[in-house]
Amino acid sequence: MSRHQFRLLVVANQLLMLGGYFVRDASDAMLPPELLDYVGGGPSVVEGRTLVEWPYYFWLVLNLATLAAAVGLCLGRRWARTLYLACFVVSVPLPLLTPVYLDTAWTVLVGALYGATEGMILALAYFSHLRRMFDRRGRFDEGPDDESEEDDGDGADARRGA
């Protein structure tokens, strides 16, 4: 995967995050009235209480931090990888603190695609050749953009006379 494709994956991930909110709001409006009363009305998993005051604002801050991390990832900033990972780790247990919620199939589909792209971004940023995009100074290396031109550690460059 090239740097350009990685950036497109990050952009697609953020569009899926925003699309998830749109799909959730649109599908909630189409629910029958008896289900609308149920949405968001139940207790949270933790201590049987609904923590209504802060989850909305916490999710908003978390999503803004994820957006900032995504911009940083596109720009090749080292801090962005850490921030993106921290946002992921914090977001995993957070749904346990929110009230019971009803998800439609469309919401689950967009959420699953968002989660898949989130995992791809983390894997590529930390465990693939793209981790070299982030140098110690916090910006892109000036090396080749295509992975086929990079040394993959198997000695192929020595055989080619490089």
Side-chain angles (χ1 to χ4, degrees), residues 1-134 140 145-148 150:
M1 175 174 270
S2 70
R3 293 176 186 173
H4 179 69
Q5 291 169 330
F6 179 75
R7 290 179 187 138
L8 290 176
L9 179 64
V10 171
V11 169
N13 173 263
Q14 293 305 297
L15 290 175
L16 284 167
M17 180 180 70
L18 296 173
Y21 288 114
F22 174 75
V23 169
R24 186 195 67 205
D25 291 343
S27 61
D28 284 355
M30 295 185 296
L31 291 173
E34 52 274 357
L35 289 179
L36 282 175
D37 292 337
Y38 180 74
V39 171
S44 66
V45 174
V46 177
E47 298 181 20
R49 290 184 288 167
T50 303
L51 305 172
V52 175
E53 301 82 35
W54 67 273
Y56 171 77
Y57 298 109
F58 193 79
W59 277 112
L60 181 65
V61 168
L62 187 64
N63 287 331
L64 290 175
T66 303
L67 181 62
V71 170
L73 285 173
C74 288
L75 296 175
R77 304 292 189 234
R78 185 179 203 120
W79 57 263
R81 290 191 313 173
T82 306
L83 180 59
Y84 196 83
L85 178 62
C87 290
F88 171 76
V89 169
V90 168
S91 71
V92 170
L94 194 60
L96 296 175
L97 303 175
T98 58
V100 174
Y101 195 80
L102 181 68
D103 278 329
T104 63
W106 290 106
T107 308
V108 172
L109 173 68
V110 174
L113 291 173
Y114 171 73
T117 57
E118 195 172 36
M120 287 181 218
I121 290 168
L122 287 170
L124 289 168
Y126 281 100
F127 304 114
S128 77
H129 68 280
L130 291 175
R131 72 183 180 277
R132 297 181 205 144
M133 288 184 354
F134 308 96
F140 282 112
D145 193 26
D146 187 356
E147 66 183 282
S148 63
E150 295 178 2

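Residues take their numbers from the sequence shown, with the count starting at 1. Every heavy atom of this structure was used, including side-chain atoms; hydrogens, water molecules and symmetry mates were not. The shown structure was predicted, so the numbers you read here are calculated from the model rather than taken from an experiment.
- For the atom pair Leu75 CG and Phe134 CZ, the distance stands at 10.0 Å (nearest 0.5 Å).
- Every residue two or more places apart in sequence or in another chain that forms a side-chain hydrogen bond (donor to acceptor under 3.5 Å, both in side chains) with Tyr21 is listed here: Asn63.
- Here the side chain of Gln5 pairs a donor or acceptor atom with the backbone of Ser2 at under 3.5 angstrom.
- Rounding to the nearest 0.5 Å places SG of Cys74 at 13.0 Å from CZ of Arg3.
- Residues Tyr84 and Asn13 are in side-chain contact: their nearest non-hydrogen atoms beyond the backbone lie under 4.5 Å apart.
- With hydrogens and angles disregarded, no donor-acceptor distance shorter than 3.5 Å links the side chain of Arg131 to the backbone of Ala125.
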Step by step, would you call Gln14 with Thr66 a side-chain contact (heavy atoms from CB on, under 4.5 Å)?
-> CA-CA 8 Å; Gln14 293 305 297; Thr66 303; 3.7 Å; yes

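- Between Met120 atom CE and Met1 atom CE the span is 8.0 Å, to the nearest 0.5 Å.
- With values rounded to the nearest 0.5 angstrom, Leu73 atom CG is found 11.0 Å from Arg7 atom CZ.
- Side-chain contact between Leu83 and Arg77 is absent, with no heavy-atom pair separated by less than 4.5 Å.
- Counting only heavy atoms from C-beta outward, the side chains of Ser128 and Phe6 never approach each other to under 4.5 Å.
- What you find for Ser27 and Thr107 is that their closest heavy atoms are OG-OG1, 3.4 Å.
- Between atom CG of residue Leu109 and atom OG1 of residue Thr104 there is a gap of 9.5 Å, rounded to the nearest 0.5 Å.
- Remark: Asp103 pairs with no residue by the side-chain hydrogen bond (donor to acceptor under 3.5 Å, both in side chains) rule, at least two apart or across chains.
- Atom CG of Leu8 and atom OG1 of Thr117 lie 12.5 Å apart (nearest 0.5 Å).
- Residues passing the side-chain contact (heavy atoms from CB on, under 4.5 Å) test with Leu85 are Val89, Leu122, Tyr126, sequence neighbours excluded.
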